[in-house]
Structure formats: structure tokens, C-alpha cells
Amino acid sequence: MVSQSELVKEARENGMELLPLDKDTYELFFGPQHMATENFSIILKMDGHRVVKAIANPGFLHRGFEKLAEFRPWYTNIALLLRICVPEPDVPEAIYSMAVDELMGWEVPERAQWIRTVVLEMARVSSYLFWTMGLGFKLGVYTAGQWAAAYRERLMALFEELTGARVYHIYTIPGGVRRDIPSDKWLRQLKDTVEYIKDKLKDFDNVLFENYITHRRMEGIGVMDKKFALDEGVTGPNLRATGVAADVRKLDPYLFYPELDFEIPVLKEGDALARALVRRFELEQDLYILEQLLEMGPPSGAYKVQDPRLKALPRFKVPAGEAYAHVEATMGDFGAYVVSDGGSKPYRVQIRGPSIAHGIRVLEQLLVGARIADVPVILMSLGNCPPDIDR
Amino acid sequence: MIMGMKIKVAPEEEVKKRPSFIKPWMSLKYLFKKPVTIKIPYEPTQIAENYRGFHTLNWKTCIGCNMCGQICPARAIEMTWIEGEKRPHPKVDYGRCTFCQFCVDVCPTNALGFVSNYMLTTVWKDEELELFDWVPLPEEKVKKFTDYRHPLAKIEKLEDGKVRYVLRDGETVEFKILGYGLKPPKLQQKKEEKKA
Amino acid sequence: MLEIALRAFLILIYATFVGFMFMGIIRIVTARIHRRVGPPIYQPILDTIKLLSKKSNITHGLIYDFGIIYALGATILALMFIPLGNISILRAYGDLILITFLLEIPMLGIMFAAMSSGNPWAGLGAQRALLTLLAIQVPLGFAIIALAQFYGTFSTYEIVMAQQAGGWSIFHLPLFLAAIAYDIVLQAMFGKEPFDIMIAPGEISLGPMVEFGGKHMGMLQIQHAIALFAETLFFANIFLGGGSILVLLIKQVAVLMIAIFIGAIFPRFTIDQAAKFYWKWPTIIAALGAILASL
Amino acid sequence: MVDWRLFEPLFNYARKKSLWIVAFCTGCGGIEMPPLMTSRYDLERFGMMPNPAPRMADLFLITGYVTPKTLKRIIITYELQPDPKYVLAHGSCPLNGGIYWDSYNAIKHLDRYIPVDVAIAGCMPRPEAVMDGIKKIMEMIENGTADGWKRYKENYEWYKKNQDELFGEGWREKEARRWIPWLKKK
Amino acid sequence: MSINPIPIIILAPLIGGFLAWLINIKGIREIIGVISAAIPLGYLAYLYQQLSKETINFTLSLSGFEFNFLLYKLGWFFATIAALVGFAAILGMTSTSKDGYEWLFALMSLTGVLGVFLAFDMVSFFIFWEIMTFGSFMMVLKYNKKASLKYFLLSLFGAYSMLIAIGILYASVGDLSFAGMSVASMMLTKWKLALIYLLFLIAFGVKAGAFPLHVWAPDAYSETNQSYTAMFSGALSKAGVYGFILIYILIGSKLAYDFGAFRSTTKFGYIIAFIGGLTIVVGGLLAALQEDIRKLFAYSSISQLGYVLIGIGVGTALSIQAALFHTLSHALFKGLFFLIVATIVYRTGKTEFKDMGGLAEKMPITFAMAFVAILSLAGIPPLVGFASKWLLFEAVISQNLPILGGFIFFGSAIGFVYLIRFTYAVWFGQRPTDLDDTKDAPLPLAIAMGILALLNVVFGIAPGLVAKELNSILGKEVIKGDLFILDLGFGKYNALLLTIWLVIGIVIAGIVYFMGAKVRRVPVTDTYQSGNPVTMEYNLTIRRNFFLPLKETLAFWLRMSFDRLYQDVGKSVEDLAETLRYYVYNGNVQSYAWYLAIVLVVLALWGW
Amino acid sequence: MAKEEVIVQKVLEKAPYAEGKVKRERRIEFKVPADRIREFLMIMKENNFESMMQITVVDWLKDGEFELVYQLWSYTYAVHAFVKTRIPRDLDKARMPTVKDIYPVAETYERDAHDFYGVYFEGNEKMEMPWILDDAEQGLFPHRKDFDWLGYTKRKYKILDRFDEDKDNYVI
């Protein structure tokens, strides 16, 4: 039996100076072992049920990717770097490949570009469905969450068919993609899936996005204005919810996006609800993009660059230089800065995850004054992905 | 805001949703619909044909070039010298392997391959964890197990470096491991002797 | 004497069993709305056995243990006062106010136990639980008042008898209003969304329950089962006309179903929103019912 | 009073059929948890559900790699769980470090720090594979061979020595006090 | 019996107080004080048998005035409560009180309160009322000048109201004895009656702490000797309740006749009941939002008295009985609570919730007492708090008054709420390191608490004891049933059966509990903190603003504060005084206060 | 192409000490001496480079220098700008003024650079605050090129390289 006073006595005997309690507020550890945070921790100073001060405590998922990438061959890094963003691992693959493509001066074949675009859009849809699930779980509408996760499985099956893995696809490689599209059947299946999810969007609207209580829960919390968002480097849907019409797919077009027709949702409120609705609309747009791509059909040609240097992959070298590539991920602007010194391994790879901007300073500031019940909602509405903060 | 660029912005009323008390009730319609659950283990799952599962190795065509070992991001592949084989063969450690199958891609003779089997579950005991570290067997021996499980039931370590792979249907493969590394073990021994 | 003891024991066993089945039904029906199979109906029983058979338990002091025991004891006590067909033993003393109070006091025991752990999450949970209690009290009070005034008696048993003569309560307008309010209150009593604020797993990690494990949690499961049974039974008795055990069971399941449906499709309120909600619509409805009943 | 050992088969059956999981996704495998828990694979059929608090949970899923910072939390959470408790390690990383074999910030052999009952191969393991692992652990529970918690009790000194070697002596206090200066600062 | 007991009962405390003050030797003054407080209690208990047959009269003629005292059933009931709580409080004061000054005024106020209950004419009533006020005022003055001034001003306001009412009554009926007045009041005109009613409402409302005249109570209750507060709240506030009953005795029938009834309740009673209802809600909600342990119970005391007012207001025999019953239970549990607070404050020297926590380990006896008190106040069967609340509820609803019923229902929930706040902040959770050496209650306090706690349980399990007495006060059998059963015809409460079944339930639960594996004690730092290690330097308890959500929900209503309104009124009066100070300013604070009071009274007379 | 060149011209007019060039479409690059980075970034912000994307540290071990790349993004022009500067890589000399008052988000990136490379940003009060790294790696600056990452890992986790001969102990 250990009583409290014994603990204190023991600590004193060990020569520990116990600082006096801060009695006006209390400390609350939000995460990492908590349902609302994925191995991410926020230390909250609370007053009643209001947050007085929030300190983001990242680093639970740090594995030193940028260091490890410097010791692996150029190609191998694909298998490593995609672990930075677990919900949509195709994004790190794509940006790294695009940067290496630029360094190599490769003109990626059209078919490969088309496949990359399809994969990226599928990743976006699956990521948004995953996010919908998270939002549903955090708000307490488990129904929406369960459906979203179940419908996402259809995309997972398609990914599996295409790439050979469920989550870590390791599919987009410098110079193209690893495999060709399996068959026309796969394209038909993708079309069916797009139709199916499009059909089910109404259900999500009914139970989640048009639910009265969802609106009550989300409106007016975590409000950002335009200037704040730009200063803090907020990107992606979070920025669009503050009234900035910005999308990397439009501003810095890559792959097939210049040829596609889609709309950018922009809302001015900048609160959690606006962020959620922007994401909701983008999900619809992504399905629309996929439809367009399928209508276009895959261009004929090779699915990767034909280059003699690709014969001996472990000793594959990239000319010295640097390149930056970024794409619009569901969380925001995902960028890779790759420096080569002409060797068989990258000299420096820096992955710019959007969450590092959203998850530290923005979060700390948005949480001040929020209720404890709002914390998971704000966290979810920012769409953070802790591994890309920690890298 | 953006200079010289036209961005198609969605009309705000399309993005915004109107809150409702009535619409959520619509979702009750799924109460009497069939669940989407796959009832594993009573219902088999269909997974992709070329799912990146366990490796296979054609021992005849493997030339022991160690390309696989070099490309492996996890350094899961170790070249193993087996008695009776002229060239070393890769030994794959599934405690390291990330199933990226880059090794399969780079294999110049297509000796390394993979099957869609992916299930390997063991008790955390040293003798059972041996299963995680094996020299892949030829495709025909692995592929006959259609329940997506790892083909081996257990790996027995016999005396003086001999190992016996017991497949799940009782078939056994026995061979003797001479050593590891790129250089033949005899050379290595000689080197050590020299050093000594 | 022996007969009373036997009957009480039977009621207890029946209530516990049916309560567990109710918990199972909640999980299965919710699962079906989620489009999945869900656990077997007897799952809560297995959970409870497992929890009770844990080999190490912790405590934070005497109150931590006693609070749980008290909660379970008080729930059993409340159960005995609610008429259950014609086998109930204490129904003559089943006063509306008394039962309403008795259904609330297990909460006090749980809160005592939870708070004695000194966990801030439990503190937050207690805060929310109590404010929910405060919030539901207003419509609940008016609903009870409407009932008492309509029938001119406080005895649950007499109300049941009166319904058998004059039709179910919900077929009278004032009591129909009261029943609506009471049903919304039940949602919070069951701890279902949108009023599962007190446990809110994604927000405060089960709140008061955060420190309970092993046998403490097992006893809380039993308590929850009995309370679920008692609450539905009370509603079925006072609003749905009572009846024999079998009839009551059907009515109880019907009450439960509504709760599950609402729970499956609505998100959770925050605590201040819930309080405002309860003090607005259900209160207006219930007060209207009470005033109509008293005219 | 009553010899509860007689009921042990019943208890083991209940334990097997009602595994509550600690909600702690330690690594990338966490992303396969939602599909497992939700409609498609629906682990609740086996009576499993994620539980926010460790006090009432039985099964600890180590979903992937473990960094030292997380391992501290894992140990603390593991110690909060009541006996009997089980640990299931996902994928390669807890076993050997996996792709992070050379990372300075990823644990290599998890069994040095906490006892693990079952290992699953894969990076990351498919939900089916995880379910296979869970089936395995269920069998072990029914046979009474899932004894990681016993090992932890018996070899506590050894585990503690390993933990202390990695984190340094008195790491709990050190970790706890890490944020105090920043919290007390106005 | 040659000596009339009434002067002994009334004056014993006062004399004892003087002696204690004069002697002022530690040890002796305590003994004197306790004995002098025990005398009325003992005597009153002794007289119980005699009273069932006859009443006791006492008349004192002094310079032309006649002071009438009568010991009858109702007075005895109130006086016994006051004497009991007073005795417990005085017992507690042996530990908490420091000097003879406190003994004098505490006992003086006890005398006052006893005098009020036994007085049978308006003059003696008023005089003892003033003695009581003066004694308690001095008690507060010693601790806090501002609080005492507020108390004094409002009391004065009440006293003047009463004086004016008495004056008007005397002018109209020419008799000052209660008996004479109640007969003669039938001759009053309607508007005069209304004015008297209003004035009495103010006079007694102030003492009872009825909304919106409650503002003095939180400050005064908290800023005095905490043991004395038990008497303050348990006994002195009962004088206000007694006053409301007096309204019925004096002018009740005329009021009912003149103003008629709303449905089954008299209109004037409806006003009292509504004030009571508002008092419950306002007091309860404010209690939940307090950060100071003494203030919490002060507001709680206000809130609980609201129940009594509702009972009195409804005015049926049953509801009056319920109100009287609740008066008793209020005295019992609230007296107990204030003694607990006294113990806590005495032992820790802290009054704010944020400085406390985890004391249950250190003060087990006090905690056990608190447990009883909490269950009783929260209205948990089978304690006395439930019996009286139950009676009240049945009484109100049987008169078809849904809104009042709603107030009571809400009140019991809010009771729950603030008590849990008290429990959480004081007894449970993490203990600040500076409270590690806290000791349990000193013996006298423990005895005093023990007496009250025991009575809480006894009257809870056997409510028939009280019910029988109440029946005999009203002279008819309103509450049927026996020792353990309260039977109203339309509702029934069997406390014994309930206790038995509760015990059975707990035994069953206990069996389940003890069948499980053994428990292991863990410290507060070994709890779920999202997996993080913590030390005692982290604050793990919600020490402040526990009910912040409630505060935010009520933000709109909390902006309207009567306290601030009075301050504003006071300020404008002050401004007036500023302009007039050339004429009346004399530099004396006290007269300044008097002056303010007079202005307030004038304002009140004009029907402000 | 014109757009990028115009921007470079415009910036260079205000900051003659910098070198600037257009790398490719929508990528421009500036080289700035380390001591003038603050005023240069202020100019950049005035020129509608609203957001800072990241601060990259490249450790040029051979040159003995850190290259700091401040990456800015303009929503107005849709142009990505690299602002490069070089500082010595010795621990005591690797100091930079903070730019968190110009781009608040830089605070986070500066903490990151400090944790992994040991670049000290003066004026950023969160420099000493615990960041991603655990206590054990604190002060080792593991992303520097001269950090013996494999040796450290082996020592820390008590493992041998797979190709080391001793097989009795744990092998990675």
C-alpha cells in the first residue's frame, strides 16, 4: 500500500524539490494513449472545461526518415519515405519520384502520368473517407465512421489489385510506376467503385454533414482568419476554409491535372465546420476527377521510363542538383526537397508535411479557450497526421 | 488573388450544407440490409492475385549476385551458402522484410519471385520465431498452400548447421548451411586462419 | 418470508439476465445500422465474467470500493420497488418520486468511486455526469408531475392499474407530451448519444469509468444491466400501461429500440449544449404536459 | 470459500471471447485498426472492442514500430492493465526493427522491454493476418499458455534492467518532469 | 414545579455567556458555555411529557409593558431544534473559538433565538429578534467588517419593516399578543393588510435568506466562527421560517379571505411558495458555482430553506407539516455540514476548494460524518433529508402545482451537484503536499458531529417519530402510518423496508465484490494519464471552476445579480448622502450606517 | 517565364546584396548572406510571398558549412522561392537570427533545425523546449553528416550488425 504522503516523502528523501502546485489550473495529458489522438500528445492546462494553454508534444513517431534516406539507394527510399504519411502513402511516393524525375531530367510517359494521377486521386478519396471516419468517431456518430471505413475497403481492394499491397503500395517510382494496370476489368471496377461511393455520399450527408448536432458541435470553434492562416503556413483544405482559393493542383499543376476540370471549394468562416465542409466537397470533386480520368482512358505507351541506367538499380545514380516537388494532399501541401551530390544515395531529403504547420503552432493557438469536448473536433478538423510532423 | 490564373471556385451554396433534424433518420434504412462484413474465418477472403506476399526462390536459376541484398531497404536479405549449391542463395528475414519486393524487381534471372501468401503468425518464442527467417523455397512448394499461409510448419535446427524445413503438409526439405556472406565460407575460414 | 426472498431472488436474476440481453441488443442493433454483424447477444455476460475473473485489481481507497458496492446495491433496491407484472414484491411502496430518486442514486455511488481515484479525466466525467443529471432533472420532474397529477396518485402500481382501465398513458395528450420528454431524458439515462457526454470515449476516455478495471468494472456492468432493465421497466409501466412480464418485455424492447435509433444517428452534444437543449424543448413539452394534466 | 480454479475453463473462455483492446496505435499499423474494428472485418463479432482506458483492457496491440518515447508510454500503459493481459505485436518492426533496423529512434527487440505473446509477419500485416494473430492468441488463452503477464511478473527485474539501460535510471520521474518548467511558466 | 422553566430556558445561555466572557479562562469558559447551552436542551426535552397535556405560560411585567411567553407545541418544536443545533455548535466552538467575546455573543444569539420561539407577543418577539440579530452581527463583525455591515443593513431593513408592520397592526387592533392579534386582524382593511403582509415578508425573508433578500447570508455565514455558523444556519434562519408561520397565525385567515385563492392555494401563500422556489434554484445554482467551501454551504443553506418556504406557502396541513419536517432535517444536516466545514477550516486553515483535496485519507471520521450529511442533504433514502423532501413533493403535487414541484425536483438535483463538487474538491483526489500533516476532528467537534449525524440516521429510518410529533402540533392526523411508514393515502414511504432492502442490495453487491480477486492500493500518480508518467507536481484535480460549463450555460442569468443591484442602490444612496453631508454628516460610521438604513426603509415604505 | 523573372528583378532591386535566378517555371532561387536574412525575408514578405513552407538545413560536410534554405511560397504568383544562405557548421558558430516575427510558422521549423542540426536561432524562446527527440538524443544532433548513426544505434540497442560474425547475441 503506497499512500500519497509516502510518495512525497520518498521524493523529498531523494533530494527532489517538489514545485508547488498550480492550483488555478490543472494539467491534462491529451494523448498519446487516447482515442482522439493518433500517437500524438497535447499537454493541456485546463480551467474547468476550458483550455488555458496547450503545448503540442510531438515525437512519438520519429524514426529519423531524413537521416535514414541518406543511407539508402535512390530507389529503395520509396519503400521508406511513404511511411511518412500513413493515410495516403502515395503522396510521399509521388513527390519523391517527381523530384527525382526532375533531377534526372526524365520526361515521364503519359501512361505513367495517368496512372499516377489515378493513384493520387484514389489516395485522396481513401484518405478523405478515413478522415470522415475519424470525424464521425470523434463526434460520436459511429454510424458514419463505420460506413466510411467499410467503403474505403473497396478502394483498398483496388489498390491491392493494382499495386500488390493494401496500405504501403510502393508503387510510384522515379520514372513511372512499378506495374501496369492489371486489366480493363480493374478500370471497370474502379468505375463501379466511384459510382458506389458517390451514391453513398448522400448517406454521409444525411448522418454527418447535414446533421443538426454536427453543425452545432463544429460551428464557431477553432476559428482561423486569412492572415493568421497565411502567416502560420496553413495549406490545403484548412487554408481554403479561410477564404483563400489555393490549390497546388491549380497553382503548380502537375501530372494530368491541367487537363482536368474541377472546382475548388472556398469558405470564409475558417471554423471547424468550414474545414469539414470543404473536405466534404473535395471528396465529391475527387470522385468527379476520377470519373473524368476514367472517361479519358489510359493513354497508350510505356508505364515507365525506358532508361539504361535503370538496369542496375542499387547503383543507380542521380546527377547533382536539387529539386522540389509538391502535390496537394488531403492534409495540405505536401512537398519534398531532394538534394543530390551525384552519388548513388540522396544527399539530403526533406519532406515538408503539412501537419507540421497545422499540428504545432496552429493547434496550440486554436485550442486556447476551447472546451475539452472541442479538442478532438479541432484536431480532426485540421486533419493532422502525426507521423508527418515527427518524420 | 492569383495573378494571371483562373481558378474555378465552387459556389459557396454548393459547399455549404443546411443542418437538419430529419435527414439523419434516413440512415436507419440500413438496419434491415445485409451487412457488408466478411465473416472471416467462416468466409474466405479473396485477395489480389499478385499480392506481395512471401518470397519464392528458384534455387536452380539463382546466381547469387546479391542484387536483392543490395536493394533491400531493410537489409533483410542475407546471402547463405548451402551445401551442394555453387552460389549463395538469399535468406529472407520476415522480421525485417517490408514486402516491397524490390528484390524481385531487380533479380536479373527472375529467380526470386513472390506468391500472395501473407499469413505468418507465431507465438513469441525463440523456436517459433525461427519461422521468420528462411531461405525461400521454389514456387511449386509454396504455391500449393492456397489458404494464404506461410508454407512452413516449423524449422528444425539439426546438428552441425543442418536445418530441416517442415512444410505444413508434412513434406520436408533438408539442407546444410555452411555460412553466410558474399564470400564462400571456406575462404572466410582461411582468412581467419591467416589472421590468427 | 421465504417466498418473498425467493421471488426477490428470481426478479433479480431475471432483471440481470434481461438487462444483459438488452445490452447485447443495443450492440447488435447498433451493429446492424453500421452494416456489420456485431457481437453475439450474450456478449455482455462474457465481458462481465471476464472482468470479474481478473486476477489483479486496484483500488484507490475505501470509497473507491464502497461506491461501486453502493451503486449496485442501490440499483437492486430501485429494482425491487418497480412493479413487474404481478410478481413484484414491493410495488405497494413503489412511489414515483421514490423510484425516480432511487434510479439516480447509483450515479452518486459511481461518482464517489470515480472521483476518489483522483484522475482528472474522472473529474471531468463527474462534472459532465452531474451537469447532465441537472439538465435532465427539469423535464424529468415535469414529466413525473404530469403523471402524478393526471392520475392523482403517486403509486406506480396504481398508475399501472389505472392504465389498464383507462388506456395507456401515452394515449392521453398531456401524458403523451410527458412521455416524449421522458423518452429524451431516457437517452441520457442510458448514456446513449447525443447525451453520452459523461463517458465520451473520444473526448475524455470514458470519464468516470476510466480508472475502473477488473471486478469494479464487472460490477458496474451488472449495475448497468439492472439499471437498463429498471429504467425501461419504469417507462413501460408508467407510460405504456404495464402488463404481464412478457408484455412488459416487449414494451421494454420497444423503448430500448428508440433509444438505440436515436443513439446511432446523432453525434454527441457538448455538455453546455445538452443542458441548454434539455432546458428548452423537453422542458417546454413536459411542462405543457404537466400544466395540461393539472387543469 | 469457493475454489475458483474449478471455474478457470469458463473464465478462460470468457477471457478469450471478450478481449478488450487498448486504444493505442503505436505505429503505422494503427491504420489497419479502423478497418478491423469497423464494418468490413468487424472484430466485435469476437467480442473485441477498442477501449480508451488501459485499466479495463486485456489486449495490447503493438501496431508497428516503437520509438523509445512511445515505449515509455507503452510500459506505463502496460503496467496499468490488470492481469491477465496479453500483447500482440504487429509486423516486423517490434520483432527486429524492420525497415528501421538502423534508426536511432526505433526499438529493435520489443521482448526485451515488455513480454510479447504473439508476433505477426507483414509490413503492415493485412487485417486478415491480424485476425489470424488474434485467433492464435485466443487459442493460447483457452489453453492457458498466453502467459506473458506471468513472465513480466517473474522476470520483472530483468525487464526493468533492460528498460533502465535504454532510458536511464529514474526515467519515469525524468520524463514526468520534462514539461514542468514549460507548464509552470506563465 | 415551582419555578417557571421559560426564563431558565431563555436566559441560561445569556447568563452563561456573560459568565464565560467575564471569567475568560480557557477551560472554564468552555465548560460554562457548554453547560449553559445544554440547559435549554435538557429542559426542553424534560418538558416534552408535560407539553402533551398543557402549555406553559410566563408573563413578565416591566414598566407597564407586559411580556408574554408561551411554551406550546410549535414553539417547543422550533426551540428544541434551535437548542439542539445550538448545543452542537457550542460544543464545536470549544475547539474553534479563541476568546470569551465569541462565547458571549454566540450564547446571546442562542438566547435570542429561543426567546423568539417562545415569545407570545409582538414586543417580546421583536426584542428577542433584535438580541438574536445583535449577537450574530457581533459574531460576524469580529471576522469581517464588510460582511457584517451588509448583514446589519439588511437585518435592519428587515427589523424596521417588522417594526412598522407591528406599528400598523398595533394602531389598528390595539393588541400586541399573538392571540389578540389574530382575532383582531379580521378588522384590517385590504390594503393595510397587504402592506403588513409585504413588510412581514421582507422582515422574515431577510432572516430566512429568501430570494432576493439572501445576499447577506453567503458573506455572513462564511465570515464568522465556523462552528457558530452551524447555529447561524441551523437555528437562526429558523427564526425566519417561524416568522412565516407566524404570518399564518396572525393574519393568515384574513389574508386568505381577502385575496382569495389561486386554485387550491391561497394567493398570498403562492407568493411565499414562489419566493421559496426561486430561492431553491438561485441558491442551489449559486452554491454550485462557489469556490469557497463556506460560501458553498451558505448558498446551500439558502437553497434548502426555499423548500421550507414552499411548504409553508402551499399552506395545507400536509405541506406545513412537510415544511416543519424539512426545518428539522435542514437543521440537522446543515448544522452537521457547518460543523464539518468548521473542522476542515480549523484543521487545514484553508477555505478555498483549490487548496484542498484528498482529505478523506487524513480525516476519516469527519469524512464519515460528511458522507451521512451528503446523503441526507442530497435526499438519498433512507436519511432524513429524503423523508422531508418526499413529503414536500407529495404535498405540493397533491395540490396540483406543477411549477413548484418542478422547483423542488430541480432543487434536489442541484443539491446533488454542489455536494459532489464539495466532495470532489475536499475529500478526494490528489492532496496538496502541505496538507499531509492534517489531523482528524478534535473530540468536541467529533461529538457534536456525531450527535447530529446520528439524528440524521435515526429520523431518516424512523420518520414516523417526527411525523407523530408534527401531527400533534397541528392537532390532526395528516400523515398516517407507524414509526417507519409515512402514508399519505396517495403515496407511501416505508423507510425501514427501504433500509432493509438497501442493506440486502449492498450485501449482494458485497458478495459479488468479495468473490473477485484481491485489490491492491495504488497512489494517485499511478492512474491513467494517457500513458504519461506524472509526479505530484502536476495538478491532477479540477480545483477551480469545477462547474464552469454550468457557469457558461447560465452566463446570461448570472449577469443579473441582486447583490450588485443592492450595491448600486447603496451607492446611489451614498451619493445622496454625499450631497447632504453638510447638513447631517457627523463623522461617525455607525450613524452613517443607520442613516443609510433609514433611507432604505423610507424607500421601502414608498413601495420601492 | 516572364513572371518569375519580373519577380526576381523586383526583389533584387530592393536587395542588391542578394543573388537571384530563375530555376525553372515557378521556382526561383536567391542567395543571401546570413546576416541579412531578416531584412531579405521582410522584402520577400512585402513582395507577396505570404507563406513559409519550410526551412531546410543541408549539411555540406566537405565545405564545413550548413546551407539553410528558407522556402517561401507565394499564393499571388504561384511561385516557390528558395532563399539560400550559408553558415559555418561548428556548433558554437551555427547561429542565426530568428525570423519568427516575420513568418510566425518559422518558429516550428527553427525548433526542428535546432533539434536535428544544432543551428541555434537567436530570439526564438522555444529553442530549448523539448521537441521531437527524446532525452537520450538531445544534444547529439543526429541529422548531422558526421553523426555516427549506425554505431550509435548499435550501442544504444545493444545489437550487432547482421554481417558481424558473432551470432550469439541479438542481430539486426
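A note on names: the letters A, B, ... follow the listed sequences, proteins ahead of strands, and every chain is numbered from 1.
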Trainee: Give the table of side-chain donor-acceptor pairs shorter than 3.5 Å for residues 254-266 of chain A, with sequence neighbours excluded, one pair per line with atom names and distance.
Mentor:
from   : atom 1 : to     : atom 2 : distance (Å)
A:Y254 : OH     : A:E328 : N      : 3.0
A:Y257 : OH     : A:E121 : OE2    : 2.4
A:D261 : OD1    : B:K8   : NZ     : 2.5
A:D261 : OD2    : A:Y288 : OH     : 3.2
A:D261 : OD2    : B:K8   : NZ     : 3.4

Trainee: At a heavy-atom separation under 4.5 Å, does F:E137 approach chain A through its side chain, its backbone, both, or neither?
Mentor: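 The answer is neither part of F:E137.
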
Trainee: If you compare all heavy atoms of F:R111 against all heavy atoms of A:I360, which two are closest, and at what distance to 0.1 Å?
Mentor: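 Closest approach of F:R111 to A:I360: NH1-CG2, 4.1 Å.
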
Trainee: Any residues in residues 63-70 of chain F near chain A, with a heavy-atom distance under 4.5 Å, and which are they?
Mentor: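 The stretch touches chain A at F:V69.
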
Trainee: Quick one: which residues of residues 346-353 of chain A reach chain F at under 4.5 angstrom, heavy atoms only?
Mentor: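 Listed by number, the contacting residues are A:Y347, A:R348, A:Q350, A:I351, A:R352.
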
Trainee: Please look at A:I356 and chain F and tell me whether the side chain, the backbone, both or neither of the residue comes under 4.5 angstrom of a heavy atom of that chain.
Mentor: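 Contact with chain F is through both the backbone and side chain of A:I356.
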
Trainee: Below 4.5 Å from any heavy atom of chain A, which atoms of F:P104 appear? Answer side chain, backbone, both or neither.
Mentor: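 Both backbone and side chain of F:P104 come within 4.5 Å of chain A.
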
Trainee: By a 4.5 Å heavy-atom criterion (distance strictly below it), what part of A:V248 contacts chain F: side chain, backbone, both, or neither?
Mentor: neither

Trainee: Does any heavy atom of chain A fall under 4.5 Å from the side chain of F:M52, the backbone, both, or neither of them?
Mentor: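 Backbone only.
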
Trainee: Of all the heavy-atom pairs spanning A:K67 and F:F147, show the shortest one and how long it is.
Mentor: NZ-O, 3.9 Å

Trainee: Which one, A:F60, A:Y324, A:F228, leads in non-hydrogen pairs under 4.5 Å with chain F?
Mentor: A:Y324

Trainee: Between atom OG of F:S51 and atom CG of A:D333, what is the distance when rounded to the nearest 0.5 Å?
Mentor: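 Output value for this atom pair is 9.0 Å.
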
Trainee: Quick check on A:F71 against chain F: is it the side chain, the backbone, both or neither that has a heavy atom closer than 4.5 Å?
Mentor: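 When you check distances to chain F, only side chain atoms of A:F71 fall under 4.5 Å.
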
Trainee: If you measure from the Lys or Arg side-chain nitrogens to the Asp or Glu carboxylate oxygens, is any gap between F:R27 and A:E102 under 4.0 Å?
Mentor: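 Answer for the salt bridge query: no.
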
Trainee: Go through the atoms of A:I55 and report whether side chain, backbone, both or neither lie under 4.5 Å from a heavy atom of chain F.
Mentor: side chain

Trainee: For F:W131, which atoms come within 4.5 Å of any heavy atom of chain A: side chain, backbone, both, or neither?
Mentor: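 Looking at F:W131, backbone and side chain both touch chain A.
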
Trainee: What part of F:I55 gets closer than 4.5 Å to chain A, counting heavy atoms only: side chain, backbone, both or neither?
Mentor: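 It is the backbone, since no side chain atom gets that close.
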
Trainee: Is it the backbone or the side chain of F:K145 that comes under 4.5 Å from a heavy atom of chain A, or both, or neither?
Mentor: both

Trainee: Which atoms of A:E364 come close to chain F, meaning under 4.5 Å heavy atom to heavy atom: side chain ones, backbone ones, both, or neither?
Mentor: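 Side chain only.
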
Trainee: Measuring heavy-atom distances to chain A, does F:D112 have an atom under 4.5 Å in its side chain, in its backbone, in both, or in neither?
Mentor: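 For F:D112, the side chain is the part near chain A, not the backbone.
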
Trainee: How far apart are the C-alpha atoms of A:E70 and F:H143, what are their side-chain angles, what is the distance that settles it, and do they pass the side chain to side chain contact (heavy atoms under 4.5 Å, CB included) test?
Mentor: CA-CA 10 Å; A:E70 290 168 16; F:H143 282 195; 5.8 Å; no

Trainee: Are the ring centres of A:H62 and F:F116 closer than 6.0 Å?
Mentor: yes

Trainee: Considering only heavy atoms, give the residues of residues 41-48 of chain F separated from chain A by less than 4.5 Å, sorted numerically, with 'none' for an empty result.
Mentor: F:K45

Trainee: Counting only heavy atoms closer than 4.5 Å, note whether F:R144 contacts chain A via side chain, backbone, both or neither.
Mentor: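 For F:R144, the backbone is the part near chain A, not the side chain.
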
